[in-house]
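Notes for the one structure printed next.
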Amino acid sequence: MNRRTVVKAIAASGALIGLGAMMPRVAVAAWNKDAFNAKSQADALNALYGSAAEASADVMLKAPDIAENGAVVPVSVESKLANVESMAIFVEQNPTPLAAEFGIPAGTAADVSTRVRMGKTTNVTAVVKAGGKTYSATKEVKVTIGGCGG
Amino acid sequence: MAKIFRVKASARGGKTTVKMMAKHNMDTGLQKGKDGNLIPAKFLDTVSVSHGGKVVFEANLNTAISKNPYLAFTFEGGAKGEELSVAWSENTGATGTESAKIK
């Protein structure tokens, strides 16, 4: 190796390090277009986590039994599983079932609340990815007035 | 750009609970306006909260999230007076960064 190649290599690695520093390390992938635009829950789940989820009692999904207003349905997802990396909320019969995906870095509690829109009475599913596996919990929420306009 | 997030963060017992709400319509692109034309989709698609340079929460949102999105989570660490930084982006490409103090 002569001097020239050494200098080049150092410059290249420096550029790489710079690039790595510029890109914040993210626990969650960028906005997953395929998953968010999928029209069916199975497709969305597949695109997001690449596998079907196993029902688990360690995933706690809090949602009302009856939501009067489908435009604002409070949903909380909590999990006692260790090493939770990511959590997602699906509303089965919405035009695009995947409502949200949350990245849970180490140190952050696997307990997230948000509010979703529901077009009609359907199942709400919480999916938790922990230690490379996916787990889910489902609950039916009855909607009196749909929340997707129309 | 004016702030769109209202953040309430409180530190207690070594943990910080964050409740945040954005002022945003979250237009789905499926709804029709008064003129009968579809209102184009315009919604927040990513929200990322960091504390002391470390990302503590990330959310990828879809149009199924209610108008004025509400998010709540808890992370370990954080103390009164410290700052949280909230970075968001819209499907239209608009982005913003805001800061909020932990109380």
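Quick note on labels: first sequence line is chain A, next is B, and so on, each numbered from 1.
A distance of 11.5 Å separates CZ of B:Phe73 from CG of A:Asp111, quoted to the nearest 0.5 Å. Rounding to the nearest 0.5 angstrom, the gap separating the CG atom in B:Asn60 from the CG atom in A:Leu98 is 8.5 Å. A:Thr108 contributes atom OG1, which lies 11.0 Å from atom NE2 of B:His51 (distance to the nearest 0.5 angstrom).
In terms of heavy-atom proximity, B:Ala59 sits nearest to A:Phe102 at CB-CD2, 3.5 Å. Of all heavy-atom pairs between B:Val56 and A:Pro105, the closest is O-CD, 3.3 Å. A pairwise comparison of heavy atoms in B:Ser66 and A:Val72 identifies OG-CA, 3.5 Å as the closest pair.
Contacts between B:Met21 and chain A at a heavy-atom distance below 4.5 Å involve the side chain alone, from C-beta outward. In this structure, no portion of B:Ser89 lies under 4.5 Å from any heavy atom of chain A. Contact of B:Lys67 with chain A is made through backbone and side chain together, with heavy-atom distances under 4.5 Å. Looking at B:Lys54, the atoms closer than 4.5 Å to chain A (heavy atoms on both sides) all sit in the side chain, from C-beta outward. Neither the backbone nor the side chain of A:Ala110 has a heavy atom closer than 4.5 Å to any heavy atom of chain B. No part of A:Val75 comes within reach of chain B, as not one of its non-hydrogen atoms sits under 4.5 angstrom from that chain. Neither the backbone nor the side chain of A:Val91 comes within contact range of chain B; no heavy atom of the residue lies under 4.5 Å from a heavy atom of that chain.
The candidate from A:Ala88, A:Ser113, A:Ala35 with the greatest count of non-hydrogen atom pairs under 4.5 Å with chain B is A:Ser113. In terms of heavy-atom pairs under 4.5 angstrom with chain A, the leader among B:Val47, B:Asp45, B:Thr16 is B:Asp45.
A donor-acceptor distance shorter than 3.5 angstrom exists from the side chain of A:Thr114 to the backbone of B:Tyr70, with no hydrogens or angles considered. Checking side-chain atoms of A:Trp31 against main-chain N and O of B:Asn91 turns up no donor-acceptor pair under 3.5 Å.
The side-chain contact (heavy atoms from CB on, under 4.5 Å) test with A:Arg117 is passed by exactly one of B:Ile65, B:Thr28, B:Asn62: B:Thr28.
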